[in-house]
Amino acid sequence: MTLYNHNEIEKKWQKRWRKDNLYKTTEKKGQEKIYVLDMFPYPSGEGLHVGHPKGYIATDVFSRFKRMNGCNVLHPMGWDAFGLPAENYAIKNKIHPRIAVEKNVKRYKEQLEMIGFSYDWEKEINTTDPAYYKWTQWTFLQMFKKGLAYESHEPINWCPSCKTGLASEDLEDGKCERCGSIVEKRPLRQWVLKITDYADRLLKDLDELDWPESIKESQRNWIGRSEGAEFEFILQTTDRKLPTSLKVFTTRPDTLFGATFVAISAELAQKWIDTGWEVNDEIKKFVEKTLKKELARAADEVPEKEGVNTGILAKNPANGEEISVWITNYVLSGYGTGAIMAVPAHDDRDFEFAKKFNLPVVEVIKGGNIKENAYIGSGGLVNSGKFDGMESEKAKKEITKFAGGKEKVQYKLRDWVFSRQRYWGEPIPLIHCEKCGIVPVPEKDLPVELPEVEHYEPTGTGESPLANIFEWVNVKCPKCGGEGRRETNTMPQWAGSCWYYLRYIDPKNEKTLIDLKKEKYWMPVDMYVGGTEHATRHLIYARFWHKFLYDIGTVSTEEPFMKLKNQGLIMGSDGKKMSKRFGNVINPDDIVRNFGADALRVYETFMGPFEASIDWSTDNLVGSRRFIERIWNISEKISLTDEIDDIIFNQTIKKVTDDIKNFHFNTAISQMMIFLNSLEGKEKISQEKFETFLKVLAPFAPHITEELWEKLGHTRSIHLEKWPSYDVSKLEHNTVSIAVQINGRVRGEFSMPRDATEEVVKAQALSLNSIQKWVAGKNIKKAIYIKNRLINFVV
RNA sequence: GCCCGGGUGGCGGAAUGGUAUACGCGAAGGACUUAAAAUCCUUUGUUCGAAAGGACGUGUGGGUUCGACUCCCACCCCGGGCACCA
């Protein structure tokens, strides 16, 4: 018996596959295309741990399966390498980010190759390659020209440690998603993309996508659509500097008669002051204090409600009542109009505020006890004039009409803060000219390359380190030829990943972002696999970016990713997230060296359902290694005749075929184990059937199957073989075991030929000793017969 | 608070109305061996019983059904998303 030396065999085949370019993308006519995509990794300094390849293994199994089924498969890999992690790593280790990225990419690629993935490396891309980011910049320019990119000075989230502004998507519980620092608000000049223009389409088109419900739900929450109405309250004031009316948005127009005051945000009050509203010291101080607190406040902190009465009165458009206008710290400035109608009887927050400041609470919806709490449910109207008695749902429309409001839809989604005050990102291709204003860099001058710098540490001043490189910053204005300055902000980490799936199709293209003919062939992505952490970042940004490209005719589909699957996390063996911090990281290199890539691949697919989070267990991995080894050993029993159970054999082909399609890899492996167990103790195994078994195993364990395939005399790779079919007539045994139940409890069992009639089964069942004692002297009310499975007597 | 998932042996898990615990790990016993490792075979939900056999058993409590891990109602616990969004 020859020894199974996984290291030698796996290295041998990896080398051979590379040499033969075995996994080169094909575009054979008349064959189905399938685009199988992994969320490309961010090459960090730590290298891969065993959790990372879980998704890659799944897509690799799937791609290999599709190739064997005759499909044209596009299965590429690349590197998302701009952004904070690479830059922070570079700063910490005092090397240039470019060098750090090169080093990390090399390491990642080595690690991936050890696992035996079938990527077409001719398609490799890197978002930090100028030939790549040329087109990231190009798309930004198109957005700028369409008015979707604009400059803003609004206060935004600022990470004091990373020293850059952030998008709301980059926060986690009010902390910087990268470094965990508490994020502050800071007014900053910044570039913003109008993703809100796409809110309705981003929401609506989710319905068409074959994505996990939880991801779709996260996006729906994030987009946050609310239907309601906008009302205009006439302001009763003699101050001519004040607006004459105030708009509010509400989802509860049915409660309009219960509005007892109007609340506005401090930001809105400040705007009024800026335009000349004369205010007393108390109001002035309150606004200043509130604005200051808001800047310093952690994003998830909910402070005690504060407010001050402006003395201004507003006329309720429903009943003409004059109610007071308050400046408060609980109305959000960035949502709706920055002002609300407060209905204390039917809103928790307004109730709390009204109680604190002794404002009236008027019940307009029946159903609660408004002395104790706000009632936010629905019900019949009261105190609402002619609408008394009407149901709240109906009243929403009626009162909106009556009070001159208009129906309106609001979204929570905010525009995408798109600039970072950092070095390691795509330069924003704009030039500031004193005469012409903001001028786009002409397309022929793209890419605007990131210049070499001595110091790339962030400045913390709100300017990127690029601002200090005068020879780069100072340029001629492309429009008037006068003095100009380059935009020094760079793009966020997520920019490059918004369209990388298009670049894979044609990675060397210099003329256009994508050749539309090639795009039409491969898009959309048929199978996209990655982690759930991208639900409201990458997966929203990329959809937005793609829809924009669709609108300008660059791509042919409205959505980039038709089918999405999320792999579950592999946790440390201690149940904690695998991380250097907890010292529970398992390195795939060690596993491959000690147990083999095939064992790792089988284990990661066998450990549980693909979507489930499961703790790593090297003990359990041993079972997968044993499986591989048993196949090796059993291959020595091959002969011309065989004793293989035909039924198990055909069931195995069917089960593996169906399970790979559905990403049920764990049960596919278990079926192959059942097959292998059925060979145990048998002396004769035919080459033909064993080869078929190798073929269905090949996507999971590409190395050992290739080696055994060669040993059996083949010169062409097993991975180029056709996927086997099974004999439908040989999926079930001719004899079945029938369970006999009395009142639903199993009391006996016997064997029968398949498809026996009820009479025969009944007679046989009742003749059993074990059954007789249960039915003796009792009246059988009825018998339920489930063909080939069981018979149940009700006594 | 609202919205998604999920809860099955000692452990990872299988079964989507029809014999609960497939497959794997671990454990116990046996074979081989001078011995150990490796490998192979057997047993392995709990409990009562010498055995035959019985009772209990898929988070908890109810319901539908001849029959429920599976469907319905209520609740508890765990994981994730959103959250002063009017």
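Chain identifiers are assigned alphabetically (A, B, ...) following the order of the sequence lines, protein sequences preceding nucleic acid strands; residue numbering begins at 1 within each chain.
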Quick one: label [X] by what it contacts on the DNA or RNA (base, sugar-phosphate, nothing), any heavy atom closer than 4.0 Å.
{"X": "Val622(A)", "value": "nothing"}
{"X": "Leu790(A)", "value": "base"}
{"X": "Glu749(A)", "value": "base"}
{"X": "Trp616(A)", "value": "nothing"}
{"X": "Arg630(A)", "value": "sugar-phosphate"}
{"X": "Ser737(A)", "value": "base"}
{"X": "Pro303(A)", "value": "base"}
{"X": "Glu680(A)", "value": "sugar-phosphate"}
{"X": "Ser617(A)", "value": "nothing"}

Looking only at side-chain N and O atoms, does [X] come under 4.0 Å of OP1 or OP2 in [N]?
{"X": "Ser226(A)", "N": "A86(B)", "answer": "yes"}
{"X": "Trp222(A)", "N": "G80(B)", "answer": "no"}
{"X": "Asn677(A)", "N": "G24(B)", "answer": "yes"}
{"X": "Arg220(A)", "N": "C3(B)", "answer": "no"}
{"X": "Arg626(A)", "N": "G26(B)", "answer": "yes"}
{"X": "Arg745(A)", "N": "G57(B)", "answer": "no"}

Of the candidate nucleotides [options], which contains the atom at the shortest distance from the side chain of [X]?
{"X": "Leu332(A)", "options": "C84(B), C41(B), A20(B)", "answer": "C84(B)"}
{"X": "Asp347(A)", "options": "U19(B), A86(B), C23(B)", "answer": "A86(B)"}
{"X": "Pro609(A)", "options": "C23(B), G13(B), C3(B)", "answer": "G13(B)"}
{"X": "Ile786(A)", "options": "A86(B), G13(B), G18(B)", "answer": "G18(B)"}
{"X": "Ser218(A)", "options": "C3(B), G81(B), A22(B)", "answer": "G81(B)"}
{"X": "Arg747(A)", "options": "C23(B), C3(B), A55(B)", "answer": "A55(B)"}
{"X": "Asn666(A)", "options": "C84(B), G13(B), G18(B)", "answer": "G13(B)"}
{"X": "Asp619(A)", "options": "C25(B), A86(B), G24(B)", "answer": "C25(B)"}

| field | Proximity to RNA chain B (any heavy atom under 4.0 Å), residues of residues 405-416 of chain A only | value | Lys412(A), Arg414(A)

In plain terms, say whether [X] and [Y] are close enough for a salt bridge, that is, a side-chain N and a carboxylate O under 4.0 Å apart.
{"X": "Asp200(A)", "Y": "Lys204(A)", "answer": "no"}
{"X": "Lys355(A)", "Y": "Glu372(A)", "answer": "no"}
{"X": "Glu232(A)", "Y": "Lys247(A)", "answer": "no"}
{"X": "Lys408(A)", "Y": "Glu227(A)", "answer": "no"}
{"X": "Lys305(A)", "Y": "Glu352(A)", "answer": "yes"}
{"X": "Arg537(A)", "Y": "Glu169(A)", "answer": "no"}

If I take atom [atom1] in residue [X] and atom [atom2] in nucleotide [N], what distance separates them, rounded to the nearest angstrom?
{"X": "Lys787(A)", "N": "G67(B)", "atom1": "NZ", "atom2": "C1'", "value": "20 Å"}
{"X": "Tyr785(A)", "N": "C66(B)", "atom1": "OH", "atom2": "C1'", "value": "16 Å"}
{"X": "Ile340(A)", "N": "A86(B)", "atom1": "CD1", "atom2": "P", "value": "11 Å"}
{"X": "Tyr335(A)", "N": "C82(B)", "atom1": "OH", "atom2": "P", "value": "16 Å"}
{"X": "His346(A)", "N": "A86(B)", "atom1": "NE2", "atom2": "P", "value": "17 Å"}
{"X": "Trp211(A)", "N": "C4(B)", "atom1": "CH2", "atom2": "P", "value": "19 Å"}
{"X": "Met673(A)", "N": "G13(B)", "atom1": "CE", "atom2": "P", "value": "15 Å"}
{"X": "Ile784(A)", "N": "U19(B)", "atom1": "CD1", "atom2": "P", "value": "14 Å"}

| said: Tell me if the side-chain of Lys305(A) makes a donor-acceptor pair with the base of C84(B), cut-off 3.5 Å, by modelled atom types. | reply: yes

| task | Using modelled atom types only, decide if a donor and an acceptor are shared between the side chain of Asn329(A) and the backbone of Thr290(A) within a distance under 3.5 Å. | result | no

| field | Side chain Thr652(A), main chain Phe675(A), donor-acceptor under 3.5 Å | value | no

N/O-N/O pairs, protein side and nucleotides 5-12 of chain B side, under 3.5 Å:
from   : atom 1 : to        : atom 2 : distance (Å)
G12(B) : O2'    : Met607(A) : O      : 2.7

| query | Under the ring-ring contact (aromatic ring centres under 6.0 Å, His included) test, which residues partner Phe700(A), sequence neighbours left out? | reply | none

| field | Position toward the 5' end of RNA chain B (nearest nucleotide), Glu629(A) or Val746(A) | value | Val746(A)

| message | Just to verify, which of Val343(A), Ile399(A), Ile365(A) counts as forming a side chain to side chain contact (heavy atoms under 4.5 Å, CB included) with Arg252(A)? | response | Ile365(A)

| request: State, to 0.1 Å, how close Pro253(A) and Thr400(A) come at their nearest heavy-atom pair, and which atoms those are. | output: CB-OG1, 3.3 Å

| side-chain hydrogen bond (donor to acceptor under 3.5 Å, both in side chains) between Asn677(A) and Arg630(A), worked out | CA-CA 9 Å; Asn677(A) 289 346; Arg630(A) 283 171 66 204; 2.7 Å; yes

| Is the glycosidic angle of G9(B) within 90° of 0, making it syn, or outside that range, making it anti? | syn

| request: Let me know which of Phe665(A), Trp616(A), Phe595(A) forms a ring-ring contact (aromatic ring centres under 6.0 Å, His included) with Tyr603(A). | output: Trp616(A)

| request: Could you please name the partner base of U44(B), counting Watson-Crick and G-U wobble pairs only when both distances are under 3.5 Å? | output: G26(B)

